[in-house]
Amino acid sequence: MSIAVVVFPGTNCEHDVVGAYAELGLRATLVHHRETDLRWAEAIVLPGGFSYGDYLRPGAIARFAPVMRAVVEAAERGAAVLGICNGFQVLCEAGLLPGALQKNAGLRFLCESVDVEVVSDGSVLTQHMQVGERFELPINHFEGNYTVDEATLRLLEEQGRVVLRYVENPNGSMHAIAGVCDPTGRVVGLMPHPERAGGAFGLSEPAQRLLLGLVG
Amino acid sequence: MSIAVVVFPGTNCEHDVVGAYAELGLRATLVHHRETDLRWAEAIVLPGGFSYGDYLRPGAIARFAPVMRAVVEAAERGAAVLGICNGFQVLCEAGLLPGALQKNAGLRFLCESVDVEVVSDGSVLTQHMQVGERFELPINHFEGNYTVDEATLRLLEEQGRVVLRYVENPNGSMHAIAGVCDPTGRVVGLMPHPERAGGAFGLSEPAQRLLLGLVG
Amino acid sequence: MSSGVWSALVVVEPRAGIADPEGRAITDAARHLSLAEDATVVAGRAFRLRLRAATRDEALRQVGALAERLLANPVIQSWRIVELEGVSAPEEPSR
Amino acid sequence: MSSGVWSALVVVEPRAGIADPEGRAITDAARHLSLAEDATVVAGRAFRLRLRAATRDEALRQVGALAERLLANPVIQSWRIVELEGVSAPEEPSR
């Protein structure tokens with residue numbers, strides 16, 4: 001299984017992702033934003049951070065990085081793609097996922113652990129999860145308020161493309177959405193950070209299942 | 001010695017400051033941004049964070065909080081005032097210190113430890129330091145690029161009001177300025193975080209001297 | 001006092017000589033897009049204000065005061081009023 | 001092709017119905033200041049563009065393409081061109 005972890009200028013969670021997969025016995029490879037060939041990758045992670053300093057809008061500039069053409073091609077041939085936090089913002093800006101991540105409702109940069117609930121097991125990320133299962137994941141963002149037009153929102157719900165919901169909405173996201181996927185279920189965006197879930201004794205068990213979902 | 005630590009919506013380093021003073025055997029009291037009376041305070045700290053979510057410009061909205069009138073009055077009667085990181089931005093926006101903190105040159109949110117050098121011992125903060133002394137302090141900011149007009153910059157240098165300088169300029173600050181003070185030396189703004197310097201064994205020794213300077 | 005409602009657009013831009021890293025990043029992205037010939041971009045803020053004032057001069061004064069004291073930081077930014085127009089319905093109830 | 005230099009001002013604002021927490025925070029601050037009567041503020045972005053184009057229509061097309069694809073996110077924002085003017089000195093060397 002070949003896992004690529006894309007690094008934009010300002011990305012800062014890439015080592016957490018590589019470390020998390022290492023803990024699961026898998027090797028993930030860092031890929032530079034100027035890289036143009038991802039044909040070797042079966043799974044691609046866009047990790048969190050402040051890509052391009054979050055200039056303009058988070059993810060707005062990263063989506064024009066050369067590597068994004070390779071990510072789009074990979075998605076088209078069926079590779080699993082996961083955007084975490086800033087990576088979710090990049091996938092939305094790139095049009096691989098619908099909607100946008102606005103500034104949090106309320107005034108705060110959020111840095112805490114929140115409860116999430118599995119809404120659908122139809123995505124690669126949640127294929128090993130039980131619908132209705134609840135667990136904790138850390139969040140760390142200022143722009144995580146998921147916003148989309150009403151028609152698309154209805155479609156997402158009807159097609160089972162809302163993958164995770166916050167149990168208590170921390171940031172004003174429509175329908176408390178914490179993660180969504182594309183129609184194939186193979187491109188997933190997630191605001192919380194599974195790669196940082198857990199503590200001194202390693203990744204939490206639900207976070208392990210999430211991350212393993214990406215690789216089959 | 002009575003120390004007030006001002007908390008705006010979005011401030012997130014207040015407990016680090018209280019904890020650091022506790023380690024030094026001093027009690028610091030949290031003060032709400034709606035508080036209007038600081039006559040009891042001999043030293044006031046404006047800690048770091050994302051006050052008001054950094055809307056508009058960091059510190060731009062916080063400076064209109066009711067507590068800021070009390071901070072200005074306290075400064076006028078000679079209380080020591082220290083703004084750390086976002087607190088430095090608030091003091092600049094409030095006009096208690098000259099200049100502005102722009103976005104870092106380069107694209108990165110900076111979160112690392114850097115070397116700083118004492119430039120002047122004429123401020124309350126640096127009164128127990130040696131000019132030329134170097135030590136490490138953590139920085140954690142996106143807007144730390146100190147900018148001021150040329151005439152004021154010259155004045156700051158001539159009057160010994162540049163308090164700390166980065167040894168290697170991390171963010172593009174003019175003259176690598178990490179901290180400045182007002183003409184009395186009793187109002188100080190500092191981009192690095194002394195309250196977070198050190199590790200599992202407590203505050204570093206230079207950080208202790210800095211924080212003790214504020215209280216005499 | 002009878003007073004009308006005014007709508008103003010204030011634009012805040014980095015002062016000449018002040019670094020504009022965001023504008024440079026956007027300029028680089030624009031060039032990757034090949035949508036415009038040699039475009040350069042300066043990044044600023046726009047604020048749409050609605051306020052009550054008896055006269056156009058009074059509206060200008062209020063907008064200017066807000067721009068100078070709140071919307072712009074004169075150390076690094078300049079501001080100007082790009083649009084100012086009277087909005088009808090001075091009788092509309094305040095929300 | 002002989003082409004002139006154009007300067008455009010593009011303003012990006014939150015779409016109606018989209019929450020504008022920054023605007024609300026600025027509105028609150030403006031009221032504390034007592035500088036303006038019941039002012040409300042909507043917070044947006046302003047972009048000053050300079051680019052080369054043979055005609056005004058071509059300049060409009062380029063600016064519009066940049067606004068639609070880069071400067072604004074149509075899911076949550078609308079954009080408009082507030083100013084577009086030809087800048088003299090089409091012969092000036094490019095920097």
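Sequence lines set the chain letters: A, B, ... in the order given, protein chains first and strands last, and positions in each chain run from 1.
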> So, for C:A30 and D:L66, which heavy atoms are closest and what is the spacing to 0.1 Å?
Replying inline: CB-CD2, 3.7 Å

> Who pairs with D:R69 by side-chain contact (heavy atoms from CB on, under 4.5 Å), at least two apart in sequence or on another chain?
Replying inline: A:R63, A:F64, C:L33, C:L35

> Do D:L51 and C:D38 have side-chain heavy atoms sitting under 4.5 Å apart?
Replying inline: no

>> I want to check something: taking the side chain as every heavy atom from C-beta on, are C:V42 and D:F47 in contact at a cut-off of under 4.5 Å?
In response: no

> Which atoms of C:E58 come close to chain D, meaning under 4.5 Å heavy atom to heavy atom: side chain ones, backbone ones, both, or neither?
Replying inline: neither

> For C:E22, is it the side chain, the backbone, both, or neither that has a heavy atom closer than 4.5 Å to a heavy atom of chain D?
Replying inline: side chain

To the nearest 0.5 Å, how far apart are [atom1] in [X] and [atom2] in [Y]?
X: D:T40; Y: C:R48; atom1: OG1; atom2: CZ; value: 10.0 Å
X: C:L49; Y: D:T27; atom1: CG; atom2: OG1; value: 8.0 Å
X: C:L9; Y: D:L9; atom1: CG; atom2: CG; value: 7.5 Å

> So, D:R45 side chain and C:G44 main chain: donor-acceptor pair closer than 3.5 Å or not?
Replying inline: yes

> With only heavy atoms counted, which part of D:V82 is less than 4.5 Å from chain C, the side chain, the backbone, both or neither?
Replying inline: side chain

